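Quick notes on the structure that follows.
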Amino acid sequence: MKIEVARADELGEGYRHRIAEVLTQGFAEDFAFFSKDPSVLADAFAPMLILERFHVALVDGEPAAVAVVTEGEQECFEPDRRELQRVLGPIHGMISYRIIRSRFMGAYDGARTGLTEIAFVTTAPQHQGKGVATALMRRLLELPSDKFVLRDIKDTNTPALGLYAKLGFTETQRRRIKFAKRAGFSAYVSMGLNRAQADA
């Protein structure tokens, strides 16, 4: 198995939809409001991806894992209301557009130049447990930055939390959520890694 890592814009437009498929498969539960149909989800998200923010691990040339890298005010999505309405319907598309803009866009309070946020890390189901996400994360930690952060990881996502801890990330915040029983998890965990730790 050959794993390569590349930025999505270097791969080109031909990979856009396949990258969206990996993203929406991994976050199907979080994106369920938009659609429960995997193909519709990928169709809705593909046009809005800002490819230069997405990094992709390829297994034998096919996207197997993705992660978003942003710094400061950078965004990873650029939703088009009309396109979402075309895919999801006039009313649902409009509501989805507003939700995407309010929930998935806008820099957080601590964002700044030199601090890199890694987000939306996920691996396609058929490639999980094979070291693909590890290879992707190791490459991202080679990026020039004085600090890396991961925010809002569900406390039930033990594989992700274990991987990040193995790479040197430490917990910086644990944010309890309301209605934990209904949500299926009790807190969002944020983690950080300083440049010196990454180099070590």
Side-chain angles (χ1 to χ4, degrees), residues 7-9 19-20 23-24 26-34 44-45 48-56 65-81 84 94-122 133 136-200:
R7 219 169 63 185
D9 59 328
I19 292 166
L23 174 71
T24 53
F27 290 92
E29 185 178 309
D30 301 274
F31 296 162
F33 170 81
F34 309 119
F45 272 79
M48 75 175 82
L49 305 184
I50 299 177
L51 294 183
E52 65 191 85
R53 308 282 185 253
F54 282 78
H55 292 245
V56 185
V66 301
V68 164
V69 173
T70 56
E71 188 177 312
E73 301 290 321
Q74 293 175 341
E75 301 283 2
C76 62
F77 296 127
E78 193 171 31
D80 182 299
R81 177 179 56 80
L84 283 168
M94 171 62 81
I95 295 168
S96 297
Y97 172 77
R98 290 176 177 168
I99 289 173
I100 289 164
R101 288 194 64 84
S102 65
R103 284 192 58 196
F104 302 128
M105 297 181 68
Y108 69 103
D109 289 344
R112 60 172 173 79
T113 302
L115 186 152
T116 297
E117 180 175 5
I118 302 172
F120 292 106
V121 183
T122 190
L136 177 57
M137 287 295 298
R138 287 193 189 282
R139 177 64 63 84
L140 297 184
L141 294 178
E142 294 173 3
L143 294 171
S145 181
D146 56 33
K147 186 174 182 180
F148 298 89
V149 295
L150 294 150
R151 294 189 306 123
D152 293 347
I153 309 151
K154 293 176 183 177
D155 63 351
T156 52
N157 192 349
T158 50
L161 293 169
L163 168 61
Y164 304 145
K166 179 182 172 184
L167 292 171
F169 283 85
T170 56
E171 184 175 326
T172 56
Q173 184 182 32
R174 186 170 289 252
R175 181 164 56 88
R176 295 277 173 192
I177 65 157
K178 296 178 180 178
F179 312 114
K181 185 177 283 189
R182 189 169 69 191
F185 66 103
S186 59
Y188 282 116
V189 178
S190 293
M191 306 181 82
L193 175 67
N194 293 323
R195 174 85 265 165
Q197 294 169 286
D199 291 340

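Keep in mind that this is a model prediction, so the values were computed, not measured.
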Show which side-chain atoms of residues 156-167 pair as donor or acceptor with protein atoms under 3.5 Å away, not counting sequence neighbours.
from   : atom 1 : to     : atom 2 : distance (Å)
Asn157 : OD1    : Ala160 : N      : 3.4

For residues 95-108, dump all side-chain donor-acceptor pairs below 3.5 Å to protein atoms at least two apart in sequence or in another chain.
from   : atom 1 : to    : atom 2 : distance (Å)
Ser96  : OG     : His92 : O      : 2.7
Ser102 : OG     : Arg98 : O      : 3.2
Ser102 : OG     : Ile99 : O      : 3.1

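- Atom CZ in Phe120 sits 7.5 Å away from atom CZ in Phe45 (nearest 0.5 Å).
- The distance from the CG atom of Asp30 to the OG1 atom of Thr24 is 11.5 Å, given to the nearest 0.5 Å.
- From His55, atom NE2 reaches atom CD1 of Ile118 across 9.0 Å, with rounding to the nearest 0.5 Å.
- Summarising the geometry of Phe54 relative to Cys76, their closest heavy-atom pair is CE1-O, 3.5 Å, with the distance given to 0.1 Å.
- The CZ atom of Arg7 sits 8.5 Å away from atom CZ of Arg53, with the distance rounded to the nearest 0.5 Å.
- Shown here for Ser145 and Thr116, the closest heavy-atom pair between the two residues is OG-OG1, 2.8 Å.
- One N or O on the side chain of Thr172 and one on the backbone of Ser190 form a donor-acceptor pair closer than 3.5 Å.
- Glu171 meets the side-chain hydrogen bond (donor to acceptor under 3.5 Å, both in side chains) test with Arg174; sequence neighbours excluded.
- A side-chain donor-acceptor contact under 3.5 Å links Glu71 to the backbone of Gly114.
- Shown here for Leu115 and Gly110, the closest heavy-atom pair between the two residues is CD1-O, 4.0 Å.
- Legend: salt bridge (Lys or Arg N to Asp or Glu O under 4.0 Å) pairs involving residues 104-113, not counting sequence neighbours, sorted by first then second residue: Arg112-Asp146.
- Taking the six-membered ring where tryptophan is involved, the planes of Phe148 and Phe169 are perpendicular, since the angle between them exceeds 60° and thus also 30°.
- Among all heavy-atom pairs drawn from Val121 and Ala67, the shortest one is CG2-CB, 3.9 Å.
- When the side-chain hydrogen bond (donor to acceptor under 3.5 Å, both in side chains) test is applied to Asp152, the partners found at least two apart in sequence or on another chain are Arg175.
- Thr70 contributes atom OG1, which lies 11.5 Å from atom CD of Glu52 (distance to the nearest 0.5 angstrom).
- Applying the side-chain hydrogen bond (donor to acceptor under 3.5 Å, both in side chains) test to Arg138 and every residue at least two apart in sequence or in another chain returns nothing.
- Between Leu49 and Phe77, the closest side-chain pair of non-hydrogen atoms falls below 4.5 Å.
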